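Along the sequence shown, residues are numbered consecutively beginning with 1. Because the structure is predicted, anything quoted here is derived from the model rather than measured.
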Amino acid sequence: MRPWKITAVLGMACVLTVSSAFGSMAWTERPETIDEETWARLHDNVLEYDEIGNLVEYYNPTYRQLVQNLQVNLQPLEDAAAQLRGAAKDMIADANGIKEDDPMSEAIYRGSAKMYQDIAKQYEKGIKSARSSARSGFNQARKQLTSGVQQLFLGYCQALASKEMADTAAQLAQEAYNSTVTRRSLGMATDTEVQSALNSLQSAEAGQQSLNDTLNNLRQNLQFMAGWSADAQVAVGACPVPDLSKIDAMNPENDLETAISNNYTYIDQRKASGKGTANRDAKFRTLDESEAKIKIQLESLYQAVLQNKAAYEASRLALESAQLTMNGNNLKYQQGMLGKLEYLQLKVAYLQQKAAADAASISLVQAMENYCWAVEGLADITQ
């Protein structure tokens, strides 16, 4: 995936230009519903995960424009979604092209493609809700946009989890290349081996640069969607960690009634005209089908939470074991019992385990969010 294309795609996601730290449509005075401490945190130029809901409501350009004008032109968001899907297609093609030579970059490309597809889907849902009128339309748009920004944030965390591994892999490739050049000077390595080491170094550096470009573009897009201008100096806060106690409170059977009553598609179906026996019967059949779909989806999302929880717990145990081993390797390296090349190889293996554990944590957070948003009315029952 060419860096310029990523920049263009993510840039499309910003529908409105803002001229100061926050957009001109932003709130300048603290709303009565926000306490002073929370309001101050929203303006500290640190984008925290738990602030996303408020940032979208008070500063997201799309939502603020929607509130002021129901007839807002949504073509830029539609273009952004199309660009994101096109970029995902290109990234998959690029991943297929390097599958055999660079599995690390392939994984990064495929992960980014999936993230772009998910973001595009959220934008498309946001577009649909933005075209609604009345308060429920505003609420739906706000929730969809909040969900989309959350996915952007988690996507940033996902990419960030691989950064240390990518940096260390590049360092390892550099050391391996230097070692091969030295051995060639001593007659212990061939020109072919040197070229192979150089190819590995260039591939590792390309993967490192690609990841850095992705992180920068994701951060910029997060700024836009949270209401900051392009040139604002905004830091992205810590990645959220799963609150396992919330899983204990999840119960598809108990939450079903709330999920049905909140579901925006179901609400529209319920409002539909049912005059005449045939129309009324058709309407009730549609409502029954929708209730069944919501029930199935809620149970499926709950099972996904449980599966991700099991994977998360297993990954933490594996990471604890890997950490103990790495602590020993650190000590051996400090005492001169390990060479730098061997140490870096062991460190890359450890960082792969750490990246996997971080990915499992992020996946669990996303699974929990998906369930909660379904209860909040965002279960997709249109198919």
* Donor-acceptor pair, side chain of Q151 and main chain of M115, under 3.5 angstrom -> no
* Do T180 and E193 get their side chains close enough for a donor-acceptor pair, meaning under 3.5 Å? -> no
* Give the C-alpha distance, both sets of side-chain angles, the deciding distance and a yes or no for side-chain contact (heavy atoms from CB on, under 4.5 Å) between K354 and M165. => CA-CA 9 Å; K354 184 176 182 298; M165 180 178 65; over 6 Å; no
* Test log, rule side chain to side chain donor-acceptor pair (under 3.5 Å), inputs N54 and W39 -> CA-CA 9 Å; N54 283 330; W39 191 245; over 6 Å; no
* Structure fact -> For Y350 and A322, the nearest pair of non-hydrogen atoms, with its separation, is CD1-O, 3.7 Å
* CG on D358 to CG on L319, rounded to 0.5 Å -> 7.5 Å
* **Distance-only polar pair, side chains of D213 and Q209, donor-acceptor under 3.5 Å** => yes
* To do: Would you confirm whether K143, through its side chain, and E376, through its main-chain N or O, come within 3.5 Å as a donor-acceptor pair?
  => yes
* Asked: Under 4.5 Å between any side-chain heavy atoms of Q220 and N216, yes or no?
  -> no
* **R285 with D281: basic N within carboxylate O range, under 4.0 Å** => no
* Asked: Where the side chain of N221 meets the backbone of N217, is there a donor-acceptor pair that is under 3.5 Å apart?
  -> no
* Is there a side-chain contact (heavy atoms from CB on, under 4.5 Å) between Y49 and V365 once you walk through the steps? -> CA-CA 11 Å; Y49 186 78; V365 171; 4.2 Å; yes
* Using only heavy-atom distances, determine whether the side chains of Q323 and N327 contain a donor-acceptor pair under 3.5 Å. => yes
* Look at the side-chain heavy atoms of Ile, Leu, Val, Met, Phe, Trp and Tyr, link any pair under 4.5 Å apart, and say whether I52 and V236 land in one connected group. => yes
* Asked: If you measure only the distance, is there a donor-acceptor pair under 3.5 Å linking the side chains of N370 and Q366?
  -> yes
* Side-chain donor/acceptor of S196 to backbone N/O of T192, under 3.5 Å -> no
* Interatomic spacing from CG in L344 to CD in E175 - rounded to 0.5 Å -> 6.0 Å
* To do: Verify, without hydrogens or angle tests, whether T214 (side chain) and S210 (backbone) share a donor-acceptor contact under 3.5 angstrom.
  => yes
* Measuring from Q269:CD to T286:OG1, what's the distance to the nearest 0.5 Å? -> 6.0 Å
* Is the side chain of R30 donor-acceptor paired with the backbone N or O of I34 at a distance under 3.5 Å, no angle test? -> yes
* Any side-chain heavy-atom pair of T146 and W373 under 4.5 Å -> yes
* Any side-chain heavy atom of H43 sitting closer than 4.5 Å to one from Y59? -> yes
* For D167, what residues pass the salt bridge (charged side-chain N to carboxylate O under 4.0 Å, His left out) criterion, not counting sequence neighbours? -> K163
* Structure fact -> Taken to the nearest 0.5 Å, the spacing of Q307 CD from L364 CG works out to 11.5 Å
* Asked: Looking at side-chain heavy atoms only, is the closest gap between E164 and K347 below 4.5 Å?
  -> yes
* Asked: Can you find a pair of side-chain heavy atoms, one from T265 and one from D380, that are under 4.5 Å apart?
  -> no
* Asked: Between N262 (side chain) and V375 (backbone), is there a donor-acceptor pair under 3.5 Å?
  -> yes
* **Distance-minimising heavy-atom pair for C157 and P240** => SG-CD, 4.1 Å
* To do: Look at the side chain of S261 and the backbone N and O of T258, then say whether any donor-acceptor pair between them is shorter than 3.5 Å.
  => yes
* Tell me yes or no: between the side chains of Q122 and D118, is some donor less than 3.5 Å from an acceptor? => no
Which atom pairs, one a donor and one an acceptor, fall under 3.5 Å between side chains of residues 329-337 and the rest of the protein, sequence neighbours left out?
from: N329; atom 1: ND2; to: T325; atom 2: O; distance (Å): 3.4
from: N330; atom 1: OD1; to: Y343; atom 2: OH; distance (Å): 2.6
from: N330; atom 1: ND2; to: M326; atom 2: O; distance (Å): 3.4

* Are I98 and L201 co-members of a hydrophobic cluster defined by side-chain heavy atoms under 4.5 Å apart? -> no
* Has E257 got more than 12 heavy atoms of other residues, nucleotides or ligands less than 6.0 Å from its CD? -> no
* Asked: Does the salt bridge (charged side-chain N to carboxylate O under 4.0 Å, His left out) test come out yes or no for E51 and R41, once each step is laid out?
  -> CA-CA 8 Å; E51 296 174 344; R41 286 183 63 219; 3.4 Å; yes
* Establish whether L378 and V149 are linked, either directly or via other cluster members, by ILVMFWY side-chain heavy-atom contacts under 4.5 Å. => no
* Which atom of Y123 lies closest to which atom of L152, heavy atoms considered -> OH-CD1, 4.0 Å
* **Partner of I260 by side chain to side chain contact (heavy atoms under 4.5 Å, CB included), out of L298, I381, I294** => I294
* Asked: Linking I/L/V/M/F/W/Y whenever their side-chain heavy atoms sit closer than 4.5 Å, directly or via other members, would Y63 and Y264 fall into one cluster?
  -> no
* Determine, step by step, whether Q195 and N199 satisfy the side chain to side chain donor-acceptor pair (under 3.5 Å) criterion, reporting the C-alpha distance in whole Å, the side-chain angles of both residues, the deciding distance to 0.1 Å, and the verdict. => CA-CA 6 Å; Q195 185 60 50; N199 292 342; 3.0 Å; yes
* May I ask you to say whether R85 pairs ionically with E124, meaning some side-chain N is under 4.0 Å from a carboxylate O? => yes
* Got Y371 and I247 here, is their nearest side-chain heavy-atom distance under 4.5 Å? -> no
* Asked: How many angstroms lie between atom CG of L160 and atom OH of Y156, to the nearest 0.5 angstrom?
  -> 5.0 Å
* Does a donor on one side chain sit under 3.5 Å from an acceptor on the other, for Q303 and E299? -> yes
* Looking at side-chain heavy atoms only, is the closest gap between P242 and M368 below 4.5 Å? -> yes
* Structure fact -> Of all heavy-atom pairs linking M91 and S112, the shortest is SD-CB, 3.3 Å
* Measure the shortest side-chain to side-chain distance between L172 and L341 over non-hydrogen atoms and say whether it is less than 4.5 angstrom. => yes
* To the nearest 0.5 Å, how far apart are CE in M250 and CG in L301? -> 9.5 Å
* Just by modelled atom types, is the G227 backbone N or O under 3.5 Å from a matching donor or acceptor in the N60 side chain? -> no
* Evaluation steps, side-chain contact (heavy atoms from CB on, under 4.5 Å), between N263 and Q140 -> CA-CA 9 Å; N263 189 270; Q140 185 179 10; over 6 Å; no
* Does S363 reach the main-chain N or O of A360 with its side chain, forming a donor-acceptor pair under 3.5 Å? -> no
* **Exercise: do E291 and Y266 side chains pair donor with acceptor under 3.5 Å** => yes
* Distance-minimising heavy-atom pair for R270 and K283 -> O-NZ, 2.6 Å
* To do: Go through the steps to decide whether D248 and S245 satisfy the test side chain to side chain donor-acceptor pair (under 3.5 Å), and finish with yes or no.
  => CA-CA 5 Å; D248 296 334; S245 65; over 6 Å; no
* Asked: A161 and A355: which non-hydrogen atoms are nearest, and at how many Å?
  -> O-CB, 3.6 Å
